[in-house]
Amino acid sequence: MKNKELAQIFEEMADMLEFEGEDPFKIRAYRNAARILEALTGDIEKIAGQGELQKLPGIGAKISQKIEEYLSTGRIKKHAELKEKVPPGVLELMKIPGLGAKTVKRLYDELCIVDVESLERAIEEGKLLTLPKIREKTVEKIKKGIAMYRSMSDRIHLGIALPVARRAVEFLREINSVKEVQEAGSLRRRKSTVGDIDILVASQSGPDITNAFVKAPFVRDVLARGDTKASIIVDEGVQVDVRVVAPESYGAALQYFTGSKEHNIKLRKIAGEKGWKLSEYGLFNENGKVIASHIEKEIYAALGMEFIPPEMREDRGEVELALKNELPRLVELGDIKGDFHVHTSFSDGTASPERIAEVAGKQYGYEYVGLADHSQSLKVARGLSSQDLLKKTWVIRKLNEKSSVYLIPSAEVDILPDGTLDYPDGVLEQLDIVIASVHTRFNMSVEEMTKRILAAIRHPHVHILAHPSGILLGEREGYKLDWETVFKEAASTGTALEINAYYLRLDLNDELVREALRFGVKIAIGSDAHHEDQMWMMELGVGVARRGWCEKDHVLNTWPIKKILSWAKEKRKSGLKIGKGAKR
DNA sequence: GCCGTTTTCGGCCCGACTGTTTTCAGTCG
Ligand SMILES: Nc1nc2c(ncn2[C@H]2C[C@H](O)[C@@H](COP(=O)(O)OP(=O)(O)OP(=O)(O)O)O2)c(=O)[nH]1
Ligand SMILES: [Mg+2]
Ligand SMILES: [Mg+2]
Ligand SMILES: [Zn+2]
């Protein structure tokens, strides 16, 4: 799929157009197109083939033409022309905090500054001061910006950020004058990675709060401290921004600060169409009178909408649905009755089945847990031989006689490169639920990999396809797959696709989940915990499910164990038919 | 560059902070 390549190209074109001083709205159009393409699960080539590019919101005549051009020639002329004109280093300069396109363009035009190095040299030589509107303070600001840029970490995994955020929230809650505290930004929306941690506080005494906050024990560095805002770096290297607002505008501030930016813009536009104005201070009518501001929900209500869950606020159609009162009722963490994917000390996990049962029951209130260890060929993960698996299964069934949490005899079976499974059917039959996944030979063509995955999905004993895309966040792209074919097959065979909730995977991702639901695919969430302390990541998986618009019934984990087991049986029966048919 | 149950042209979110201004541009969230 060329979706991501195209997204990257349009994003880069937006940067270059910005450098060139183009119309900001045109630049927004390019960024918007990039955002649409990035999130698109269907193959852009296929959409183009059907002549439906312009049906995508934000893609019009010009951009669709450029997409076609790229698909047929492998390049976009305008992109190449821009690349000729814009030195690559200046785009990096625009990433320095405080430096934007306008300044970078001036630095380039007048001082021939083309990258960070030449900028530093120019500062050393005092050349910047020769420019109008740049004096000592600006130079200092740029110097600081460079230092910050160098020390800036990339986006942080939600699984790292969430515990940090909760610690900060708890600390703030203890401060006397604090009326309300809450996570905001991308963290509240449960994006799988966050650029920073945004926290909102309601209080009359901002200075007291920012003062106390920068002295918190977890603070490593203080970046800024004002009367209403403080920025710090915690020991984990994450930046935390705290904003303090008056209690009467808390709801509007929370709406603003939760974003996303695109969602905010859409809301503000709708307010404008009514002659009103929405900002972080409230929703105001044409006379400047407050319509709503105290409670977030009231903002949405006044605009004629249902409350939109934060996880949906990405401008992916949620506003339109909320206006019609047609939002899905999203699955909640409290609906989760069990975890399908936990590794035990039988293979590379650290916890015994007994211990997992105890934690699952006492700490999470689960009804069941799937004990899924690796299969024999995965030697690095101490995969179980057929015999060991059968022995483990016997042990688990024995434990179940007195365990209040049902331990599901399961396994995470490797899908071998030829599409066959890593255990014989006779062994798989002994398990209640079989999870299948790919751990080797990622580098296959779309056709090969799709064939490999389809074989597993069609297998009568396979119930769940784990970490279906193979992505490792920030480390490895997923392998290539024809998703439409995979989704269709999963739906027709009754095979569930996993949301692997381990913080480095979160796979399927939100967009793929949403697409899978459109095909009628069921979703199973698995923490993939190798240690009892990782079982909490279930909630990260629920975050992905909610971002993918999952309702309760879409998610197997909300079903009682009886229903799970009868579904599993059903798959074995019907899958047998389909599996045989497909094998010609 | 995109878009339209008020528009096919003329809009496109709104506000804070900063530095350099003598009335505002640039950057950011
Ligand atoms: N109305 C409006 N709100 C914005 C704009 N930029 C940011 N916001 C709001 C929505 C964001 O969620 C919130 C926090 O800003 P951030 O830059 O931290 O973005 P966010 O947390 O969404 O993503 P991140 O993971 O931090 O990159 O501020 C904007 O241009 N307009
Ligand atoms: Mg943020
Ligand atoms: Mg922020
Ligand atoms: Zn795995």
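Small disclaimer: the values here were computed from a predicted structure and weren't measured. Lettering of chains follows the sequences in order, A, B, ..., and the numbering in each one begins at 1.
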When rounded to the nearest Å, what value does the distance between C1' atoms of B:dT21 and B:dG26 take? 13 Å
P atom, B:dG4 versus B:dT8: distance in rounded Å? 13 Å
Please tell me which of A:Lys95 and A:Thr228 maps to the more 5' nucleotide of DNA chain B, matching each residue to the nucleotide holding its nearest heavy atom. A:Thr228
Please walk me through it: do A:Glu183 and A:Arg190 pass salt bridge (charged side-chain N to carboxylate O under 4.0 Å, His left out)? CA-CA 10 Å; A:Glu183 305 153 357; A:Arg190 293 297 188 265; 3.2 Å; yes
What's the separation between atom CG in A:Asn264 and atom NZ in A:Lys269, rounded to the nearest 0.5 Å? 14.5 Å
As its Watson-Crick or G-U partner within any shown strand, both distances under 3.5 Å, B:dC14 has B:dG29
Nucleotide B:dT20, atom C1' - distance to CD of A:Glu140 in whole Å: 16 Å
Where the side chain of A:Lys102 is concerned, which of B:dG26, B:dC2, B:dC14 is the nearest nucleotide? B:dG26
With respect to the side chain of A:Lys261, which nucleotide from B:dC2, B:dC14, B:dC13 is positioned closest? B:dC13
With heavy atoms under 4.0 Å as the rule, sort A:Lys105 into base, sugar-phosphate or nothing. nothing
Separation of the P atoms in B:dG11 and B:dT7, to the nearest angstrom: 15 Å
Quick check, are the ring centers of A:Tyr256 and A:Tyr281 under 6.0 angstrom apart? no
Nearest whole Å is fine: how far is B:dA25 P from A:Arg106 CZ? 13 Å
Tell me: CD1 of A:Ile96 to P of B:dC28, nearest whole Å? 10 Å
Please indicate whether A:Lys229 has more than 12 foreign heavy atoms, meaning atoms of other residues, nucleotides or ligands, lying under 6.0 Å from its NZ. yes
Candidate pair A:Gln534 and A:Tyr503, rule side chain to side chain donor-acceptor pair (under 3.5 Å), full reasoning: CA-CA 9 Å; A:Gln534 291 169 346; A:Tyr503 79 113; over 6 Å; no
A:Trp276 CH2 - B:dC13 P separation (whole Å): 19 Å
Base, sugar-phosphate alone, or nothing: which one does A:Ile63 contact when heavy atoms must sit under 4.0 Å apart? sugar-phosphate
Assert: residue with more 5' nearest nucleotide on DNA chain B, out of A:Lys266 and A:Arg135, is A:Lys266
At 4.0 Å (heavy atoms only), tell me whether A:Pro97 reaches a base, stays on the sugar-phosphate, or touches nothing. sugar-phosphate
So which nucleotide from B:dG19, B:dC13, B:dG15 ends up closest to the side chain of A:Lys137? B:dG19
Of the options B:dT21, B:dA16, B:dG1, whose atoms approach the side-chain atoms of A:Tyr281 most closely? B:dA16
Sticking with atom C1', work out how far B:dG10 lies from B:dT20, rounded to a whole angstrom. 33 Å
Proximal nucleotide (of B:dC12, B:dG29, B:dT18) relative to the A:Lys141 side chain: B:dT18
Rounded to whole Å, CG of A:Asn32 lies from P of B:dC13 at a distance of 11 Å
Whole-Å distance separating the CD atom of A:Gln54 from the P atom of B:dG4: 12 Å
A:Arg28 side chain near B:dC13 phosphate (N/O to OP1/OP2, under 4.0 Å): yes
From CD of A:Glu22 across to C1' of B:dC12 the rounded distance in Å is 15 Å
When A:Arg316 is tested against each of A:Glu262, A:Glu38, A:Glu515, A:Glu511 for salt bridge (charged side-chain N to carboxylate O under 4.0 Å, His left out), which residue passes? A:Glu511
Integer angstrom distance from the C1' of B:dG1 to that of B:dT5: 24 Å
Which is true for A:Ala101 with a 4.0 Å heavy-atom rule: it touches a base, it touches only sugar-phosphate, or it touches nothing? sugar-phosphate
From the candidates B:dT20, B:dC13, B:dG1, the one with an atom nearest any side-chain atom of A:Asp23 is B:dG1
Could you check which of B:dC12, B:dT27, B:dC14 has an atom nearest any side-chain atom of A:Thr103? B:dT27
Between B:dC13 and B:dT27, how many Å separate the two C1' atoms, rounded to a whole number? 16 Å
Between B:dT20, B:dC13, B:dG1, which one does the side chain of A:Lys133 approach most closely? B:dT20
Would you please confirm or rule out a distance under 4.0 Å between OP1 or OP2 of B:dG1 and any side-chain N or O of A:Lys66? yes
d(CE, A:Met148; C1', B:dC28) in whole Å: 11 Å
With side-chain contact (heavy atoms from CB on, under 4.5 Å) as the test, pick out the partner of A:Ser192 among A:Leu540, A:Asn509, A:Leu473, A:Ile471. A:Leu473
